[in-house]
Amino acid sequence: MHSLILFDLDGTLVDPAGAITEGIADALRRHGLPVPGDDALRAMVGPPLVSSLTERAGVPASRVQDVLRTYRTGYVDTGMAQSRPYPGIARCVEELARRGAVVAVATQKPEWLAEELLAVQGLRHLFASVHGSPRDETRAATGKASIIRAALERHPGAAGSAVMIGDRRHDVEGASANGLPCIGVGWGFAAPGELQGAGATAVVQTADELLEVLGGSL
């Protein structure tokens with residue numbers, strides 16, 4: 001049993017239910033910018049949005065902040081309420097805490113927004129702490145490693161036996177950079193083979209399977 005279990009947020013704990021991809025598309029349209037295809041929009045869920053807007057949507061650097069503000073406004077107004085916890089995930093987290101693990105969130109979403117989303121979905125009380133990008137998101141471009149590191153520093157007594165749970169290769173890579181294993185979840189936004197290729201210790205398909213894997217030894 002791991003003493004510290006870190007969960008990604010979108011695509012792992014919470015299904016955005018189109019709120020992210022549709023919100024990005026709407027923000028791009030509002031600024032008269034081309035909207036990439038569905039696969040490209042799905043690939044933008046997980047990595048830092050600042051990077052995705054330039055690399056996948058081709059937004060000029062000088063316009064990224066304007067697009068981002070439009071997107072964030074729509075997400076706060078309607079997107080958070082559209083999202084839903086994945087089946088069984090709340091019970092899974094509750095059981096892990098009951099077994100004595102410290103359970104926390106490590107997401108590239110801005111930390112303030114992650115806190116609000118978890119509260120809206122009735123999940124915030126399940127987690128010992130929440131770690132994310134700064135409000136201006138400028139440091140988010142450095143990747144997930146620093147966010148995971150912040151979670152480890154917050155819980156030093158439990159950090160010696162920690163594991164990351166996530167749905168994208170960025171979760172696996174961020175965990176690896178901190179010397180942690182990562183269990184991938186198959187219900188999120190990873191492309192086929194993405195998690196295995198990144199080096200995930202295991203890839204599970206349901207919350208019950210995740211609980212079983214975490215109950216054993218990795």
Side-chain angles (χ1 to χ4, degrees), residues 4-28 30-31 41 44-54 56-57 59 61 63-86 89-90 93 97 102-156 159 162 164-168 170-171 174-175 178 188-189:
L4 175 60
I5 302 173
L6 305 177
F7 278 86
D8 176 49
L9 184 49
D10 292 311
T12 301
L13 290 170
V14 173
D15 179 1
I20 295 178
T21 54
E22 292 171 13
I24 293 170
D26 182 64
L28 291 170
R30 288 176 180 270
H31 288 272
L41 286 171
M44 294 172 75
V45 181
L49 189 51
V50 170
S51 300
S52 291
L53 286 172
T54 56
R56 294 193 175 273
V59 178
R63 304 185 67 183
V64 166
Q65 290 302 319
D66 290 337
V67 174
L68 192 59
R69 277 192 292 270
T70 299
Y71 165 74
R72 291 294 182 215
T73 297
Y75 183 78
V76 170
D77 288 347
T78 61
M80 285 193 291
Q82 294 175 23
S83 303
R84 293 290 180 269
Y86 284 103
I89 200 67
V93 173
V102 175
V103 190
V105 172
T107 174
Q108 288 189 136
K109 197 181 216 67
E111 192 169 297
W112 69 273
L113 195 55
E115 291 270 10
E116 288 199 23
L117 175 59
L118 289 166
V120 166
Q121 296 300 322
L123 300 174
R124 178 61 185 89
H125 69 286
L126 299 177
F127 299 97
S129 61
V130 176
H131 306 270
S133 299
R135 182 174 287 269
D136 65 7
E137 301 184 63
T138 54
R139 285 186 292 163
T142 62
K144 196 148 192 177
S146 62
I147 295 169
I148 293 174
R149 189 176 310 115
L152 296 174
E153 292 171 352
R154 174 70 177 274
H155 304 285
M164 181 72 201
I165 315 296
D167 72 309
R168 298 298 310 275
H170 311 279
D171 300 306
N178 285 280
F189 290 85

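Index from 1, following the sequence. Only this structure's heavy atoms are used, side chains among them; waters, hydrogens and symmetry mates stay out.
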Asker: Can I get a per-line list of side-chain donor-acceptor pairs under 3.5 Å for residues 74-83, giving both atom names and the distance, sequence neighbours left out?
Answerer:
from	atom 1	to	atom 2	distance (Å)
Y75	OH	K109	NZ	3.4
T78	OG1	G74	O	3.1
S83	OG	G79	O	3.3

Asker: Are any non-hydrogen side-chain atoms of V14 and L123 less than 4.5 angstrom apart?
Answerer: yes
Asker: Measuring only between side-chain heavy atoms, which start at C-beta, is L126 closer than 4.5 Å to V103?
Answerer: no
Asker: What pairs of residues pass the salt bridge (charged side-chain N to carboxylate O under 4.0 Å, His left out) test when at least one of them lies in residues 14-26, not counting sequence neighbours?
Answerer: D26-R30
Asker: So, using side chain to side chain contact (heavy atoms under 4.5 Å, CB included) as the criterion, who are the partners of R149 when residues are at least two apart?
Answerer: A145, S146, E153, N178
Asker: Nearest 0.5 Å, please: how far is OH in Y71 from NE2 in H31?
Answerer: 13.5 Å
Asker: Return the set of residues passing side chain to side chain donor-acceptor pair (under 3.5 Å) with S52 (not counting sequence neighbours), or none when no residue passes.
Answerer: none
Asker: Would you compute the distance between atom CD of E111 and atom CG of L9 and round it to the nearest 0.5 angstrom?
Answerer: 11.5 Å
Asker: Who pairs with R69 by side chain to side chain donor-acceptor pair (under 3.5 Å), at least two apart in sequence or on another chain?
Answerer: D66
Asker: If you look at every heavy atom in P48 and Q108, which pair is closest and at what distance?
Answerer: CD-NE2, 3.1 Å
Asker: Going by side chain to side chain donor-acceptor pair (under 3.5 Å), name the residues that satisfy it together with H170, two or more places apart in sequence or in a different chain.
Answerer: none
Asker: V59 and T54: which non-hydrogen atoms are nearest, and at how many Å?
Answerer: O-CG2, 3.5 Å
Asker: Identify, with sequence neighbours excluded, every residue that meets side chain to side chain donor-acceptor pair (under 3.5 Å) alongside D8.
Answerer: T12, K144
Asker: Taking the side chain as every heavy atom from C-beta outward, state whether P47 and R56 have any pair of such atoms under 4.5 Å apart.
Answerer: no
Asker: Provide the closest heavy-atom pair for S133 versus I147 in the form atom of the first, atom of the second, distance.
Answerer: OG-CD1, 3.8 Å
Asker: Within this structure, what is the CG-CG distance for the pair D171 and L6, rounded to the nearest 0.5 Å?
Answerer: 10.5 Å
Asker: Which residue pairs pass the salt bridge (charged side-chain N to carboxylate O under 4.0 Å, His left out) test when at least one of the two sits in residues 119-129, sequence neighbours left out?
Answerer: E115-R124
Asker: Quick one: does M44's side chain get under 4.5 Å of L53's, heavy atoms only?
Answerer: yes
Asker: Answer whether the closest heavy-atom distance between the side chains of I20 and I24 falls below 4.5 Å.
Answerer: yes
Asker: Which atoms form the tightest heavy-atom contact between A128 and R154, and what is the distance?
Answerer: O-NH2, 4.3 Å
Asker: With sequence neighbours left out, write down each residue that passes side chain to side chain contact (heavy atoms under 4.5 Å, CB included) with A150, or none if nothing qualifies.
Answerer: H131
Asker: First locate atom OG1 of T21, then atom CZ of F189, and finally report the distance between them rounded to the nearest 0.5 Å.
Answerer: 6.5 Å
Asker: Apply side chain to side chain contact (heavy atoms under 4.5 Å, CB included) to A25 and list each qualifying residue two or more places apart in sequence or on a separate chain.
Answerer: R29, V35, L41
Asker: Check whether any side-chain heavy atom of L13 sits under 4.5 Å from a side-chain heavy atom of V93, and report yes or no.
Answerer: yes
Asker: Taking all heavy atoms of A175 and all of I148, pick out the closest pair and write down the distance.
Answerer: N-CD1, 3.4 Å
Asker: Work out which heavy atom in A57 is nearest to a heavy atom in L28; give both atom names and the distance.
Answerer: CB-CD1, 4.1 Å
